[in-house]
Visitor: 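Would you mind keeping the following structure in view while I ask a few things?
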Amino acid sequence: MHSLCITSGKGGVGKTTLAVNLGIAMARGGKRVLLLDGDMGMANLNVQMRINPEFTIHDVVRGRKNLSQIVIPTEYGLDLIAGGSGIAELSELGEHERQNVLHGLEEIHGYDILIIDTGAGIGDNVIRFILAAERTVIVTTPEPTSLTDAYGIVKTVLARRETRGKALKLLVNCVVSGAQARDVAARLNSVTSRFLHEGLDCIGSIPFDPLIQKSIMAQKPHLILNPRAASARHIREVATRLADDRGIGIKNSLGGFLRALFGSG
């Protein structure tokens, strides 16, 4: 199983919406996809799909359920692990408690790709996800504040020795043209190359589309409601590039990813 982080330097750039729709596109392309909500403060992957989870990862931390019991099959061909404060709590457990929680996680298997929707910003938990994942997609928009915050998270990530050599990819959302997307990617790449000595691989762009906001309000994925929209086509193209990317390492189980996330002791 390959692991992919979807993250951003600031909120409101469409990160969670893209995580849901990229997952659906990959699932429809034949991949077995598991979505993990890694936003500790405002876990909302389930909200976008109008799913009311009976159990979340919080129940795993508290010992009420094991991980396999909280995986939620969805009508969109992928599975979901709903988030909450449990992930943050897991990082704060004592070693004995943590080993109890992590025990048996290797039983979760059968997926091709794990997509993690992180919180926004450069908090410790976001960085922890990026370190554990094989690849990271940083979502930005053309807005100056979004670009500044995107540079901030790239700088923070690259300052960590463990992230050197990891695949950092850029996805530009809400563009009005292909030329604008190329300009945004070129500007950010210029700054990161000059000051951080590292380039970003632009995986694609998504055009601004009011239909996406309507799908959020309807709690129905954009690819389902508006499959013929130009923005939906762009999402599918990005999903294909990510799913077919060969520049990644050895597959790990979900348990292996979580052990990398929190440490096996």
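Atom set for the values below is all heavy atoms of this structure, side chains included, hydrogens, waters and symmetry mates excluded.
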Visitor: With side-chain hydrogen bond (donor to acceptor under 3.5 Å, both in side chains) as the criterion, how do His222 and Thr17 come out once you've worked through the C-alpha distance, each side chain's angles and the decisive distance to 0.1 Å?
Guide: CA-CA 8 Å; His222 179 55; Thr17 300; over 6 Å; no

Visitor: Ignoring hydrogens and geometry, is there a side-chain-to-backbone donor-acceptor pair from Gln219 to Gln48 under 3.5 Å?
Guide: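 Checked: no pair found.
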
Visitor: Can you list the residues that meet the salt bridge (charged side-chain N to carboxylate O under 4.0 Å, His left out) rule with Arg233, with sequence neighbours excluded?
Guide: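 Partners of Arg233 under the salt bridge (charged side-chain N to carboxylate O under 4.0 Å, His left out) test: Glu237.
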
Visitor: For Pro144, does its backbone N or O pair with a side-chain atom of Thr148 as donor and acceptor, under 3.5 Å?
Guide: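 Checking the backbone N and O of Pro144 against the side chain of Thr148, a donor-acceptor pair under 3.5 Å is found.
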
Visitor: Check whether any side-chain heavy atom of Val238 sits under 4.5 Å from a side-chain heavy atom of Ile206, and report yes or no.
Guide: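 Result yes, sub-4.5 Å side-chain heavy-atom pair found.
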
Visitor: With sequence neighbours left out, what residues match Arg64 under salt bridge (charged side-chain N to carboxylate O under 4.0 Å, His left out)?
Guide: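 Asp59.
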
Visitor: Could you work out, with salt bridge (charged side-chain N to carboxylate O under 4.0 Å, His left out) as the rule, every residue matching Lys169, not counting sequence neighbours?
Guide: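 Expected list: Asp201, Asp245.
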
Visitor: Could you check if a side-chain atom of Leu4 sits within less than 4.5 angstrom of a side-chain atom of Ile6, using non-hydrogen atoms only?
Guide: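 Heavy-atom side-chain distance check passes, below 4.5 Å.
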
Visitor: Quick one: CG on Leu188 to CG on Leu170, what's the gap to the nearest 0.5 Å?
Guide: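 The distance works out to 5.5 Å.
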
Visitor: Calculate, to the nearest 0.5 Å, the distance between atoms OG and CZ belonging to Ser177 and Arg182 respectively.
Guide: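 Taking OG in Ser177 and CZ in Arg182, the distance rounds to 7.0 Å.
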
Visitor: Do any N or O atoms from the side chain of Gln69 and from the backbone of Lys65 form a donor-acceptor pair under 3.5 angstrom?
Guide: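 No: the side chain of Gln69 does not pair with the backbone of Lys65.
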
Visitor: If you round to the nearest 0.5 Å, how far is CD1 of Ile72 from CZ of Phe55?
Guide: 10.0 Å

Visitor: Donor-acceptor pair, Arg32 side chain versus Gly110 backbone, under 3.5 Å?
Guide: yes

Visitor: Which of these, Asp117, Thr118, Asp37, Asn21, sits in a side chain to side chain donor-acceptor pair (under 3.5 Å) with Thr16?
Guide: Asp117

Visitor: Can you confirm whether more than 12 heavy atoms, excluding those of Glu54, are under 6.0 Å from its CD atom?
Guide: no

Visitor: Does a side-chain heavy-atom distance below 4.5 Å link Ile138 with Val154?
Guide: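 Yes, their side chains come closer than 4.5 Å.
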
Visitor: Name all pairs fulfilling the salt bridge (charged side-chain N to carboxylate O under 4.0 Å, His left out) condition that reach into residues 219-231, sequence neighbours left out, sorted by first residue then second.
Guide: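 Matches after skipping sequence neighbours: Glu75-Lys220.
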
Visitor: Would you say that Leu114 contacts His2 through its side chain, given a criterion of any heavy-atom pair below 4.5 Å between the two side chains?
Guide: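 Contact flag for Leu114/His2 side chains = no.
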
Visitor: Please identify each residue that fulfils salt bridge (charged side-chain N to carboxylate O under 4.0 Å, His left out) with Arg28, with sequence neighbours left out.
Guide: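 In terms of salt bridge (charged side-chain N to carboxylate O under 4.0 Å, His left out), with neighbours along the sequence ignored, Arg28 is linked to no residue.
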
Visitor: Which residues pass the side chain to side chain contact (heavy atoms under 4.5 Å, CB included) test with Asn189, sequence neighbours left out?
Guide: Thr192, Ser193, Leu200

Visitor: Hey, does the side chain of Ser146 reach the backbone of Thr141 with a donor-acceptor pair shorter than 3.5 angstrom?
Guide: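 Pair found, side chain donor or acceptor close to backbone of Thr141.
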
